[in-house]
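In what follows, a structure is listed as structure tokens, so that the remarks can point back to it.
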Amino acid sequence: AIAEGRTGDVVPTLKRLSGQGISPTALCIAATRHFRTLHAATIHPQGPDTALSRARPPVFGPRKDRLIRQARRLGVAKVEKALTELMNTDLQLRSSQKSPEMALVERTFIRIAMLQRN
């Protein structure tokens with residue numbers, strides 16, 4: 001939802017995942033992994049289709065189509081901005097400073113989803 005710019009889906013999805021016991025750190029790691037895949041797809045000289053086919057493990061099917069659309073829509077600069085946001089959030093989550101972790105992840109995901117509008 002965040003890579004496709006669906007800001008309205010971010011909060012309900014995070015509430016559902018939190019209710020299932022998934023930690024904010026795990027959510028941040030999963031989002032970082034997704035955006036690293038997008039980054040590899042956006043910077044590949046032969047295009048995102050080739051990059052995702054050569055990825056390990058390879059991406060195929062509807063997920064590949066969705067990743068290609070996301071990579072083309074976002075571009076390199078926005079994907080790198082999203083990765084920066086995710087890295088900063090991950091560092092804050094792992095620091096000794098006490099902060100509301102799920103709210104921190106929620107704000108970061110909404111900021112990344114808003115990148116689509118710029």
Side-chain angles (χ1 to χ4, degrees):
I2 61 174
E4 293 174 356
R6 297 189 324 239
T7 55
D9 293 346
V10 172
V11 175
T13 303
L14 284 178
K15 285 185 189 287
R16 183 174 46 83
L17 292 171
S18 176
Q20 293 175 4
I22 298 176
S23 72
T25 305
L27 291 170
C28 192
I29 290 169
T32 302
R33 188 176 300 127
H34 179 80
F35 276 92
R36 281 187 178 159
T37 303
L38 280 177
H39 187 259
T42 56
I43 64 169
H44 198 278
Q46 295 173 344
D49 190 28
T50 306
L52 295 172
S53 296
R54 292 182 180 173
R56 294 288 170 241
V59 182
F60 54 90
R63 181 170 181 256
K64 181 178 179 181
D65 298 336
R66 195 167 51 242
L67 280 169
I68 290 171
R69 265 195 323 269
Q70 291 170 4
R72 289 189 176 137
R73 195 175 315 130
L74 283 170
V76 178
K78 290 180 182 177
V79 170
E80 288 176 349
K81 172 76 172 145
L83 281 170
T84 302
E85 292 277 343
L86 288 167
M87 291 297 159
N88 291 336
T89 302
D90 192 33
L91 287 173
Q92 282 184 307
L93 289 172
R94 295 171 192 244
S95 74
S96 61
Q97 185 180 24
K98 294 294 178 198
S99 61
E101 294 179 344
M102 193 53 85
L104 187 64
V105 171
E106 184 178 308
R107 281 188 223 113
T108 301
F109 284 5
I110 290 172
R111 272 196 307 271
I112 293 170
M114 295 292 281
L115 287 174
Q116 288 282 341
R117 298 181 182 177
N118 295 337

*Minimum side-chain heavy-atom gap T42-P48 below 4.5 Å*: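 Not in contact.
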
At what distance, to the nearest 0.5 angstrom, does [atom1] of [X] lie from [atom2] of [Y]?
X: L27; Y: D90; atom1: CG; atom2: CG; result: 11.5 Å
X: K78; Y: I112; atom1: NZ; atom2: CD1; result: 13.0 Å
X: N88; Y: L104; atom1: CG; atom2: CG; result: 10.0 Å
X: Q97; Y: Q92; atom1: CD; atom2: CD; result: 7.0 Å

*Linking I/L/V/M/F/W/Y whenever any side-chain heavy atoms sit under 4.5 Å apart, do V105 and I29 land together?*
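V105 and I29: separate clusters.
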
*With the 4.5 Å side-chain cut-off for hydrophobic clustering, are L38 and I43 part of the same group?*
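No: no chain of side-chain contacts under 4.5 Å links L38 to I43.
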
Which atoms form the tightest heavy-atom contact between [X] and [Y], and what is the distance?
X: C28; Y: L93; answer: CB-CD1, 4.0 Å
X: I110; Y: T7; answer: O-CG2, 4.3 Å
X: V10; Y: F109; answer: CG1-CB, 3.8 Å

When the side chains of residues 57-76 are checked against the rest of the protein, which donor-acceptor pairs come out under 3.5 Å, sequence neighbours left out?
unit_1 : atom_1 : unit_2 : atom_2 : d
K64    : NZ     : D49    : OD1    : 2.9
K64    : NZ     : S53    : OG     : 2.6
Q70    : OE1    : H34    : NE2    : 2.8
Q70    : NE2    : E4     : OE2    : 3.1

*Among pairs that include at least one residue of residues 100-110, which meet side chain to side chain donor-acceptor pair (under 3.5 Å), considering only residues two or more places apart or in two chains?*
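Qualifying pairs: T89-T108, T108-R111.
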
*For Q20, look at atom CD and say whether over 12 heavy atoms of other residues, nucleotides or ligands are found less than 6.0 Å away.*
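Atom CD in Q20 is crowded, with more than 12 foreign heavy atoms closer than 6.0 Å.
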
*Are L115 and I2 close enough, and set up right, to give a side chain to side chain contact (heavy atoms under 4.5 Å, CB included), and what steps lead you there?*
CA-CA 9 Å; L115 287 174; I2 61 174; over 6 Å; no

*List for me each residue that meets side-chain contact (heavy atoms from CB on, under 4.5 Å) alongside T13, sequence neighbours excluded, and say none if there are none.*
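Residues passing side-chain contact (heavy atoms from CB on, under 4.5 Å) with T13: D9, R16, L17.
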
_S18 side chain vs K15 backbone, donor-acceptor pair below 3.5 Å_ =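 Here the side-chain-to-backbone pair does not exist.
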
*Should M87 and L91 be marked as a side chain to side chain contact (heavy atoms under 4.5 Å, CB included) after you check the CA-CA gap, both sets of side-chain angles, and the distance that decides it?*
CA-CA 6 Å; M87 291 297 159; L91 287 173; 5.5 Å; no

